[in-house]
Amino acid sequence: MTVPAGTDRTQPPPSDYQLLLPDGWFRIDLEPERRRQSVDALVNRQFNGVDNEPRLRRLLRQELVERATNAFDQGGLELYISLQRAGALTIPASLLVTLIPPMRPGGQSPSLQELADELGAEGGGGRTVSMIELDAGTAMKVRVDPDVTDLKEPALTTSGEKEIDALPSVTVDYQLGVPRSDMNLLLTFSTPLVQIADAMVELFDAVAGSLKWKDE
């Protein structure tokens, strides 16, 4: 996915980036003209060989289209959904890549360290803020864990199924500057597997650590 240019630096910013995702992660195209086709391909892959769950197919398709639409509207570049399997189980997780324009166009935007200090001062239940070093540059890492007192069984729908959206999730953001520009790249990972959150965060760390900038 191309990173837009548009700066007056001596050298242009990278034209693209590269991430290494585990096998079983599916990319959803966020472009409106290709979005539904991409979602349909994922749904067909997920329900391959299953012909008796039309309602679940419809709900999953609707949820993914809504997520992709919201991601695009918020500046998302790419959305990945994990279909990675451990035995007979799917490991649910997602990654949204977003390009963040300058917070103060024409002025000096706060540094990542300043943002981290501000977030740290605000506190917030379950939020951990740190600065880490990646091969692609210094990044601000923000991990948010759900309140353990709120980990309740999801409510049941009228059909007796659990509400997917009610599942609490662990989210981890990695934000770093795009070289030779005033833009930031944001990687947002999420998983409802709160019981093995640390293991999932190690996976997210590895994917974020694989980020490389590409020049034409």
Next on the checklist: So which atom in F26 and which in L42 form the shortest heavy-atom distance, rounded to 0.1 Å?
Outcome noted: CD2-CD1, 3.3 Å
Checklist entry - Is there a side-chain contact (heavy atoms from CB on, under 4.5 Å) between I28 and V39 once you walk through the steps? => result CA-CA 6 Å; I28 294 180; V39 167; 4.1 Å; yes
Checklist entry - Can you list every side-chain hydrogen bond (donor to acceptor under 3.5 Å, both in side chains) pair that touches residues 129-142, not counting sequence neighbours? => result E133-T138, K141-D205
Checklist entry - Taking the side chain as C-beta and beyond, is there a heavy-atom pair between L176 and L211 under 4.5 Å? => result yes
Checklist entry - P146 and P168: which non-hydrogen atoms are nearest, and at how many Å? => result CB-CB, 3.9 Å
Item to check | Residues that, via side-chain heavy atoms closer than 4.5 angstrom, fall in one hydrophobic cluster with L20 | outcome: none
Checklist outcome for this item: Contacts satisfying side-chain hydrogen bond (donor to acceptor under 3.5 Å, both in side chains) that involve residues 80-90 (not counting sequence neighbours) are W25-Q84, E78-Y80, R85-T90
Checklist entry - Is L186 reachable from V201 through a run of I, L, V, M, F, W or Y residues, each pair having side-chain heavy atoms under 4.5 Å apart? => result no
Checklist outcome for this item: Sorted by chain and number, sequence neighbours left out, salt bridge (Lys or Arg N to Asp or Glu O under 4.0 Å) with D117 holds for none
Checklist entry - For residues 189-201, which residue pairs qualify under salt bridge (charged side-chain N to carboxylate O under 4.0 Å, His left out), counting only residues two or more places apart or in two chains? => result R143-D198
Checklist outcome for this item: CZ (R58) and CG (L56) are apart, to the nearest 0.5 Å, by 9.0 Å
Checklist entry - Excluding sequence neighbours, so at least two apart, what forms side-chain hydrogen bond (donor to acceptor under 3.5 Å, both in side chains) with Q18? => result none
Checklist outcome for this item: Residue set satisfying side-chain hydrogen bond (donor to acceptor under 3.5 Å, both in side chains) with S94, at least two apart, ordered chain then number -> R67
Checklist entry - Just wondering, are more than 12 heavy atoms of other shown residues or ligands nearer than 6.0 Å to CG in D23? => result no
Checklist outcome for this item: Sorted by chain and residue number, the salt bridge (Lys or Arg N to Asp or Glu O under 4.0 Å) partners of R127 (sequence neighbours excluded) come out as E122
Checklist entry - What closest approach, in Å, do M183 and S181 show between heavy atoms, and which atom pair accounts for it? => result N-OG, 3.1 Å
Checklist outcome for this item: So CD of Q74 and OG1 of T69: to nearest 0.5 Å the spacing works out to 11.0 Å
Item to check | salt bridge (Lys or Arg N to Asp or Glu O under 4.0 Å) partners of E33, counting only residues at least two apart | outcome: none
Checklist entry - Any side-chain heavy atom of Q46 sitting closer than 4.5 Å to one from L64? => result no
Checklist outcome for this item: Nearest heavy-atom approach of A71 to L30 is CB-CD1, 4.1 Å
Next on the checklist: Is any side-chain heavy atom of M200 closer than 4.5 Å to one of V170?
Outcome noted: no
Item to check | Heavy-atom side-chain proximity of V178 to L99 below 4.5 angstrom | outcome: yes
Item to check | Six-ring centre of F72, R35 cation under 6.0 angstrom, axis tolerance 45° | outcome: yes
Next on the checklist: Taking side chain to side chain contact (heavy atoms under 4.5 Å, CB included) as the definition, give me every residue that meets it alongside A116, ordered by chain and number, with sequence neighbours left out.
Outcome noted: Q113, V129, M131, M140
Checklist outcome for this item: Scanning both residues in full, the closest heavy-atom pair of W213 with G177 reads CZ2-O, 3.6 Å
Item to check | ring pair (Phe, Tyr, Trp, His ring centres under 6.0 Å) partners of F204, counting only residues at least two apart | outcome: F189
Checklist outcome for this item: Heavy-atom nearest pair, I91 first then A86, reads CD1-CB, 4.0 Å
Item to check | Nearest-0.5 Å distance, OH of residue Y17 to NZ of residue K212 | outcome: 15.5 Å
Checklist outcome for this item: Sorted by chain and number, sequence neighbours left out, salt bridge (Lys or Arg N to Asp or Glu O under 4.0 Å) with R36 holds for none
Checklist entry - Checking side chain to side chain contact (heavy atoms under 4.5 Å, CB included) against L187, which of L134, L19, D173, L96 comes through? => result L19
Checklist entry - Which of these passes side chain to side chain contact (heavy atoms under 4.5 Å, CB included) with L185: I100, L77, T98? => result L77
